[in-house]
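Here is the structure we will look at, set down as structure tokens.
Values below: every heavy atom of this structure, side chains too, minus hydrogens, waters and symmetry copies.
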Amino acid sequence: MSVYETVLRPLLFQLSPDRTHELAQLALRWSLPWQVLSRLSGLRQAGQGAGLETSYAGIKLANPIGLAAGFDKNCELLDSLSELGFGFLTVGSVMPAPRFGNPFPRLVRYAETEGIADSMGVPSKGRAYAVEQLKQFDRRRRIPLICNVGGFSAEEIAQGFLDVEPYVDAVELSLMCPNVLKPGEQFDYTGMLRDVMQRIDGRRKPATVRIPNDVAVSDELLGALLDAAVETGVAGIKIGGGRPVPEPGLGTGRGTLHGRPIAEGAMENLKRAVRLANGRLSVKGNGGVFTAADARAMLTAGAACIDLYSAFIYRGWTIARDINRGLAARAA
């Protein structure tokens, strides 16, 4: 076990998850310590040249393990995160305007199962702020960067794409229901995607789509969305296994479950997506990946790459290195 798991995590986990998240963000604001740690621990070198190269949505990746959207929502921690051995970073979700998000508490840990429930409510400092952060990122580090953009209309999402596009390698579209549905009514994600893609027809960077969790579990809904994605030129999708759960410890009383407990469902969703995509676009897996064996299972099932978040919280800053070393050892 790592120093993080044996020493730091027990101390941090005595604090509330929201407070721990704030401290982690604070620690990653200074990149120099992470540059030193990376060199001493071989974080960036792990797996390089070991046959782990892959591609997603036309982007070449040094290794298939990335950081998922949600950790660096405002694109403020790129210099530090790029030192940790990830094959790519996904930042955001970047929203059109500043928004507070849901009331606290927003996070609950299930330490015994390595799970997390969240009810963040898409807090954001807004698109203008995020774009300024992206402009300042030192691109010489050359870690592929994907920006997740959100909004509650096709116009908002499309404008988000166009604003961040010059500073990233790809943009991940987060199709968000505006919460104006009547009981029993189903949101038209396919229609929204077609509208967004029409608005960004002159794009220069790949467009990818984060599949909504309620779509991911349905052959019918997912098939329709994937057909629309292929028809409109989407280059890749992200599929996860998050599911809604009641949780009185959250400020909203409900949240989305992540981490180890969703691994089985995430794998089922990945296999469904790979089958329905049928080689027509790249698939990125997500959900319950903590070890090289977990990652290998998803890659074998057809994922081009994987992004993670919960494992970063439970296993610490060496998670990408550790998984990549395990993958490289098996490939040797």
Side-chain angles (χ1 to χ4, degrees), residues 52-70 75 86-94 134 139 142-151 154 156-176 189-213 215-216 221-240 266 269-287 298-299 301-308:
L52 299 184
E53 298 85 358
T54 186
S55 65
Y56 170 66
I59 306 166
K60 294 182 179 179
L61 310 177
N63 70 71
I65 307 302
L67 183 65
C75 314
F86 291 107
F88 61 96
L89 300 175
T90 310
V91 293
S93 192
V94 172
L134 291 171
R139 297 297 291 167
R142 283 315 308 160
I143 181 170
L145 186 59
I146 301 171
C147 185
N148 179 296
V149 297
E156 288 183 345
I157 297 171
Q159 191 58 54
F161 183 106
L162 297 174
D163 286 352
V164 305
E165 181 186 28
Y167 313 106
V168 299
D169 296 283
V171 182
E172 184 173 273
L173 309 175
S174 199
L175 307 176
M176 297 180 175
Y189 291 112
T190 299
M192 174 179 267
L193 175 61
R194 290 186 182 278
D195 196 352
V196 172
M197 294 301 289
Q198 184 176 10
R199 292 170 184 268
I200 60 172
D201 188 51
R203 64 191 178 279
R204 298 182 178 181
K205 302 288 179 63
T208 68
V209 176
R210 176 193 172 277
I211 301 296
N213 291 329
V215 172
L221 296 178
L222 180 58
L225 189 57
L226 289 181
D227 287 344
V230 172
E231 291 167 12
T232 57
V234 169
I237 62 165
K238 169 188 173 166
I239 189 104
N269 291 346
L270 171 65
K271 290 179 177 178
R272 179 180 297 109
V274 169
R275 171 172 53 83
L276 294 173
N278 195 28
R280 296 177 295 170
L281 40 67
S282 297
V283 180
K284 175 172 64 169
N286 171 274
M298 276 202 168
L299 295 171
C305 61
I306 298 154
D307 62 16
L308 50 81

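Among residues two or more places apart in sequence or in another chain, the salt bridge (charged side-chain N to carboxylate O under 4.0 Å, His left out) test is passed with Arg203 by none. Listed by chain and number, the residues in a side-chain hydrogen bond (donor to acceptor under 3.5 Å, both in side chains) with Asn213 amount to none (sequence neighbours excluded). For Ala229, the side-chain contact (heavy atoms from CB on, under 4.5 Å) criterion is met by Leu193, Val234, Leu281, not counting sequence neighbours. For Gln198, there are no side-chain contact (heavy atoms from CB on, under 4.5 Å) partners at least two apart in sequence or on another chain. With sequence neighbours excluded, the residues forming a salt bridge (charged side-chain N to carboxylate O under 4.0 Å, His left out) with Lys284 are Glu172, Asp307, listed by chain and number. In this view, Glu165 satisfies the side-chain hydrogen bond (donor to acceptor under 3.5 Å, both in side chains) rule with no residue, not counting sequence neighbours. With sequence neighbours left out, Leu61 forms a side-chain contact (heavy atoms from CB on, under 4.5 Å) with Thr54, Tyr56, Ile59, Phe88, Pro144, Cys305. Partners of Phe86 by ring pair (Phe, Tyr, Trp, His ring centres under 6.0 Å), not counting sequence neighbours, listed by chain and number: Phe312. Residues that satisfy the side-chain hydrogen bond (donor to acceptor under 3.5 Å, both in side chains) test with Asn269, not counting sequence neighbours, are Arg272. Residues meeting the side-chain contact (heavy atoms from CB on, under 4.5 Å) test with Ser93, sequence neighbours left out: Met95, Val122, Asn148, Ser174, Met176. Remark: Ser282 pairs with no residue by the side-chain hydrogen bond (donor to acceptor under 3.5 Å, both in side chains) rule, at least two apart or across chains.
Expressed to the nearest 0.5 Å, how far CG of Asp169 lies from CD1 of Ile146 amounts to 7.5 Å. Taking CD of Gln159 as the reference point, atom CZ of Arg199 lies at 10.0 Å (rounded to 0.5 Å). The distance from the CG atom of Asp195 to the OG1 atom of Thr190 is 12.5 Å, given to the nearest 0.5 Å. Summarising the geometry, atom CG belonging to Leu226 is positioned 10.5 Å from atom CG belonging to Asn278; distances are rounded to the nearest 0.5 Å. Remark: Lys205 NZ to Leu162 CG distance equals 12.0 Å, nearest 0.5 Å. For the atom pair Leu173 CG and Thr208 OG1, the distance stands at 6.5 Å (nearest 0.5 Å).
For Arg194 (side chain) and Gly191 (main-chain N/O), no donor-acceptor pair under 3.5 Å exists by modelled atom type.
Among residue pairs with one or both ends in residues 55-67, none qualify as salt bridge (charged side-chain N to carboxylate O under 4.0 Å, His left out); sequence neighbours excluded.
Counting only heavy atoms from C-beta outward, the side chains of Thr90 and Leu67 never approach each other to under 4.5 Å. Side-chain contact check for Cys75 versus Val91: some heavy-atom pair is nearer than 4.5 Å. At a threshold of 4.5 Å between non-hydrogen side-chain atoms, the residues Val209 and Leu175 count as touching.
The two atoms that bring Pro64 and Leu52 nearest to each other are CD-O, 3.5 Å, heavy atoms only. Val230 and Arg280 make their closest contact through CG2-CB, 3.7 Å (heavy atoms, listed as atom of the first residue, atom of the second, distance). Considering every non-hydrogen atom in both Ile65 and Asn63, the closest pair reads N-OD1, 3.0 Å. In terms of heavy-atom proximity, Pro212 sits nearest to Leu225 at CD-CD2, 4.1 Å. Among all heavy-atom pairs drawn from Met192 and Ile157, the shortest one is SD-CD1, 3.8 Å. What you find for Val94 and Cys147 is that their closest heavy atoms are CG2-SG, 3.6 Å.
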TODO: For Arg210 and Ile239, run side chain to side chain contact (heavy atoms under 4.5 Å, CB included): C-alpha distance rounded to whole Å, both residues' side-chain angles, the deciding distance at 0.1 Å, then the answer.
DONE: CA-CA 7 Å; Arg210 176 193 172 277; Ile239 189 104; over 6 Å; no

Task: Leu299 vs Ile306, side chain to side chain contact (heavy atoms under 4.5 Å, CB included): CA-CA, chis, key distance, verdict - done: CA-CA 8 Å; Leu299 295 171; Ile306 298 154; 3.9 Å; yes

